[in-house]
Student: 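Structure below; questions to follow.
As the structure is a computational prediction, the values presented were derived from the model and not from experiment. Chain identifiers are assigned alphabetically (A, B, ...) following the order of the sequence lines, protein sequences preceding nucleic acid strands; residue numbering begins at 1 within each chain.
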Protein chains: 2
Amino acid sequence: MPKRLTHEGAECPVARAVDVIGDRWSLLIVRDAFDGISRFSEFQRNLGLAKNILSSRLRELVAHEILEVLPAADGSAYHEYALTQKGRDLFAILVSLRQWGEGHLFDEAEPHSVLLDVKTKRPLRKLEVADAAGRILEPSEAFVRKVD
Amino acid sequence: MPKRLTHEGAECPVARAVDVIGDRWSLLIVRDAFDGISRFSEFQRNLGLAKNILSSRLRELVAHEILEVLPAADGSAYHEYALTQKGRDLFAILVSLRQWGEGHLFDEAEPHSVLLDVKTKRPLRKLEVADAAGRILEPSEAFVRKVD
DNA sequence: CCGTATCCATTCCGATACTG
DNA sequence: CAGTATCGGAATGGATACGG
């Protein structure tokens with residue numbers, strides 16, 4: 001019986017993270033949540049995904065405490081989905097995905113959306129990996145160590 | 001006819017990026033490549049995934065120019081997989097995934113691997129989203145603008 | 001050692017119909 | 001509007017067998 005194996009017991013944090021948000025919809029739902037989307041139909045219309053898939057993904061995100069269900073701000077009978085702190089902490093991941101996509105997945109002059117600073121209306125700084133002192137590191141300047 | 005829809009034509013760079021690397025294996029293959037893995041069997045043994053899936057994912061990564069095939073350094077008949085510049089630029093994404101996983105997906109004192117600076121042996125700085133001047137931004141301080 | 005090919009179960013996902 | 005239920009096709013993925 002072939003059972004899908006998960007990485008939830010992995011010692012590598014990347015593997016666990018991929019296990020939680022490494023599919024084709026979860027991060028896009030989170031992206032929309034950052035943009036203020038909170039209702040089922042808004043997600044559905046905005047993303048264009050099937051409702052059963054959206055329902056399933058929302059349940060998973062709530063189970064992982066990335067989203068939480070709130071009792072509806074406008075008095076309507078239905079609830080809303082909002083980011084938790086754990087969900088808001090995905091911000092750097094979304095920004096790094098965005099910057100990589102902007103740099104490598106669009107032709108010159110092809111239209112794409114950009115992320116701007118509210119105050120200055122200027123593009124954000126490029127995310128760079130740095131050491132404790134703030135010096136930018138190349139991939140070869142970092143290494144993985146297992147801890148116990 | 002239900003056909004899987006893609007985001008390759010999307011104007012949102014996050015959506016395009018998810019389309020390319022948003023599955024359960026691609027980023028883990030890239031992570032291993034950063035660790036110096038270059039041979040088919042090494043990936044396979046290290047990740048524990050089925051060979052047909054690995055084969056398929058490697059082909060896709062090469063097609064997207066994230067990996068490239070090199071003619072084998074040690075003189076053997078087979079080739080090696082190496083990161084391109086586009087692939088190395090995924091570094092910030094992997095580090096942000098790692099840091100989120102470290103912070104939210106492990107119990108206290110549960111063993112996990114860490115990423116250290118080669119020189120100082122100290123943990124890396126936490127990746128933070130910042131404006132052009134370097135000021136750290138909350139998610140609410142950034143907004144998306146469509147450009148044409 | 002490096003893959004490809006095939007089989008089969010599971011999962012994903014879109015489409016549609018339906019309920020409150 | 002906010003979902004749930006169900007269907008069928010497509011993709012995922014593990015296991016195994018096979019060929020270079």
Side-chain angles (χ1 to χ4, degrees), chain A residues 1-10 15 18-29 32-33 36-64 67-82, chain B residues 1-10 15 18-29 32-33 36-64 67-82:
Chain A
M1 295 82 189
K3 221 14 184 333
R4 237 245 331 253
L5 53 83
T6 75
H7 303 100
E8 50 180 308
V18 166
D19 227 52
V20 171
I21 52 169
D23 70 270
R24 301 222 175 277
W25 290 115
S26 296
L27 280 174
L28 296 181
I29 292 171
D32 277 13
I37 304 293
S38 65
R39 311 284 289 242
F40 189 94
S41 289
E42 290 180 298
F43 286 114
Q44 210 252 321
R45 184 175 44 247
N46 215 39
L47 293 169
L49 84 173
K51 296 203 284 182
N52 54 346
I53 301 298
L54 176 57
S55 178
S56 160
R57 290 300 175 276
L58 287 173
R59 249 196 313 273
E60 290 171 16
L61 289 169
V62 170
H64 284 297
L67 296 179
E68 61 186 334
V69 178
L70 298 182
D74 64 343
S76 75
Y78 303 101
H79 45 251
E80 305 191 339
Y81 299 92
Chain B
M1 296 86 186
K3 247 311 210 2
R4 241 262 307 272
L5 53 85
T6 76
H7 303 100
E8 50 180 309
V18 166
D19 227 53
V20 171
I21 52 170
D23 68 271
R24 302 221 174 272
W25 291 114
S26 296
L27 280 174
L28 296 181
I29 292 171
D32 277 13
I37 303 293
S38 65
R39 312 283 287 242
F40 188 93
S41 290
E42 291 180 296
F43 286 114
Q44 210 252 323
R45 185 175 45 249
N46 215 40
L47 293 169
L49 84 173
K51 295 204 283 185
N52 54 346
I53 300 297
L54 176 58
S55 179
S56 160
R57 290 301 176 278
L58 286 173
R59 247 196 314 274
E60 290 172 15
L61 289 169
V62 170
H64 285 296
L67 296 179
E68 61 185 335
V69 178
L70 298 181
D74 63 344
S76 75
Y78 302 102
H79 45 250
E80 305 191 341
Y81 300 92

Student: To the nearest 0.5 angstrom, please state how far the CZ atom of B:F43 sits from the NZ atom of B:K51.
Tutor: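 If I round to the nearest 0.5 Å, the distance is 15.5 Å.
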Student: Could you please name the option among D:dG3, D:dG14, C:dC12 that lies closest to any side-chain atom of A:S55?
Tutor: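 Within the option list, the nearest is D:dG3.
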Student: Base, sugar-phosphate alone, or nothing: which one does A:L54 contact when heavy atoms must sit under 4.0 Å apart?
Tutor: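 Counting heavy atoms under 4.0 Å across all strands, no contact is made by A:L54.
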Student: Can you tell me if B:R24 uses its side chain to pair, donor with acceptor, with the backbone of A:D23 under 3.5 Å?
Tutor: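 No, because the side chain of B:R24 does not come within donor-acceptor range (under 3.5 Å) of the backbone of A:D23.
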Student: Report yes or no: does A:Q44 contribute a side-chain atom to a donor-acceptor pair with the main-chain N or O of A:L49 at less than 3.5 Å?
Tutor: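 Looks like yes, one N/O pair under 3.5 Å.
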Student: What's the closest nucleotide to the A:F40 side chain, out of D:dT4, C:dG14, C:dT4?
Tutor: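 Given the options D:dT4, C:dG14, C:dT4, the side chain of A:F40 is closest to D:dT4.
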Student: Per the end-axis method with five pairs at each terminus, what is the bend angle of the helix from C:dG3-D:dC18 to C:dG20-D:dC1, to 10°?
Tutor: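 Here the local axes at opposite ends form an angle of 30°.
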Student: In chain order, what residues pass the side-chain hydrogen bond (donor to acceptor under 3.5 Å, both in side chains) check against B:N46, with sequence neighbours excluded?
Tutor: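 B:N46: side-chain hydrogen bond (donor to acceptor under 3.5 Å, both in side chains) contacts with B:D32.
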Student: In Å and rounded to the nearest 0.5 Å, what is the CD1 to CD distance from A:I29 to A:E60?
Tutor: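 Nearest 0.5 Å value for the CD1-CD distance: 9.0 Å.
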Student: So which atom in A:F40 and which in A:L54 form the shortest heavy-atom distance, rounded to 0.1 Å?
Tutor: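 Heavy atoms of A:F40 and A:L54 come nearest at O-CD2, 3.4 Å.
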Student: Nearest nucleotide by nearest heavy atom, which residue falls closer to the 5' end of DNA chain D, A:R24 or A:E42?
Tutor: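 Nearer the 5' end of the strand: A:E42.
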Student: Looking only at heavy atoms, what is the nearest atom pair of A:A15 and B:L28, with distance?
Tutor: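 Result for this residue pair: CA-CD2, 3.7 Å.
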Student: Under 4.0 angstrom, heavy atoms only, what part of the nucleic acid is B:R59 near: base, sugar-phosphate, or nothing?
Tutor: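 B:R59: backbone/sugar contact only, no base atoms under 4.0 Å.
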Student: Between A:L70 and A:A82, what is the shortest heavy-atom contact and its length?
Tutor: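 Distance-wise, the nearest heavy atoms are CD1-CB, 3.7 Å.
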Student: Without decimals, in angstroms, what is the distance between B:N46 CG and C:dC1 C1'?
Tutor: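 These atoms are roughly 17 Å apart.
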Student: Within this structure, what is the CZ-to-P distance between B:R57 and D:dG14, rounded to whole angstrom?
Tutor: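 It works out to 10 Å between those atoms.
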Student: Counting just side-chain N and O atoms, does B:Y81 come under 4.0 Å of either OP1 or OP2 of C:dG3?
Tutor: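 It does, given that an N or O in the side chain of B:Y81 lies less than 4.0 Å from OP1 or OP2 of C:dG3.
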Student: So which nucleotide from C:dC2, D:dG14, D:dT4 ends up closest to the side chain of B:A50?
Tutor: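 Nucleotide nearest to B:A50's side chain: D:dG14.
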Student: Distance criterion of 3.5 Å, no angle test: do you see the side chain of B:N52 paired donor-to-acceptor with the base of D:dG14?
Tutor: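 Indeed there is one.
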Student: Under 4.0 Å between a side-chain N/O of B:W25 and OP1 or OP2 of D:dG13, yes or no?
Tutor: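 For B:W25, the contact criterion (side-chain N or O under 4.0 Å from OP1 or OP2 of D:dG13) is met.
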Student: How long is the line joining CZ of B:R4 and P of C:dT11, in whole Å?
Tutor: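 So the two atoms are 17 Å apart, to the nearest Å.
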Student: D:dC1, OP1 or OP2 - any side-chain N/O from A:R39 closer than 4.0 Å?
Tutor: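 A:R39 to D:dC1 OP1/OP2: no side-chain N or O under 4.0 Å.
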Student: Between C:dG3 atom C1' and B:H79 atom NE2, what is the distance in whole Å?
Tutor: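 After rounding, the reported distance stands at 8 Å.
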Student: To the nearest 0.5 Å, what is the distance between CD1 (A:I53) and CH2 (A:W25)?
Tutor: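 One finds 9.5 Å between CD1 of A:I53 and CH2 of A:W25.
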Student: Taking CG from B:D23 and P from D:dA11, how many angstroms apart are they, rounded to a whole number?
Tutor: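 Going from B:D23 (CG) to D:dA11 (P), I get 14 Å.
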Student: With 3.5 Å as the limit, what N/O pairs link the protein to nucleotides 18-20 of chain D?
Tutor:
unit_1: D:dG20; atom_1: N2; unit_2: B:Y78; atom_2: OH; d: 2.6
unit_1: D:dG20; atom_1: N3; unit_2: B:Y78; atom_2: OH; d: 3.4

Student: Please report the distance, rounded to the nearest Å, between CD1 in B:I53 and P in D:dT16.
Tutor: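 Taking atom P of D:dT16 as the reference, CD1 of B:I53 is at 16 Å.
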Student: Looking only at the side chain of A:S41 (C-beta and beyond, no hydrogens), which of the listed nucleotides D:dA2, C:dC2, D:dG13 gets closest?
Tutor: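 In terms of side-chain proximity for A:S41, the closest of D:dA2, C:dC2, D:dG13 is D:dA2.
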Student: For the residue pair B:L5 and A:G48, what are the closest heavy atoms and their distance?
Tutor: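 In terms of heavy atoms, the two residues are closest at CD2-O, 3.9 Å.
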Student: In whole angstroms, how far is the C1' atom of D:dT12 from the CD1 atom of B:I29?
Tutor: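 One finds 13 Å between C1' of D:dT12 and CD1 of B:I29, rounded.
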Student: Starting from P on D:dG3, measure out to CD on A:E80 and report it in whole angstrom.
Tutor: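 In whole Å, D:dG3 P and A:E80 CD are 11 Å from each other.
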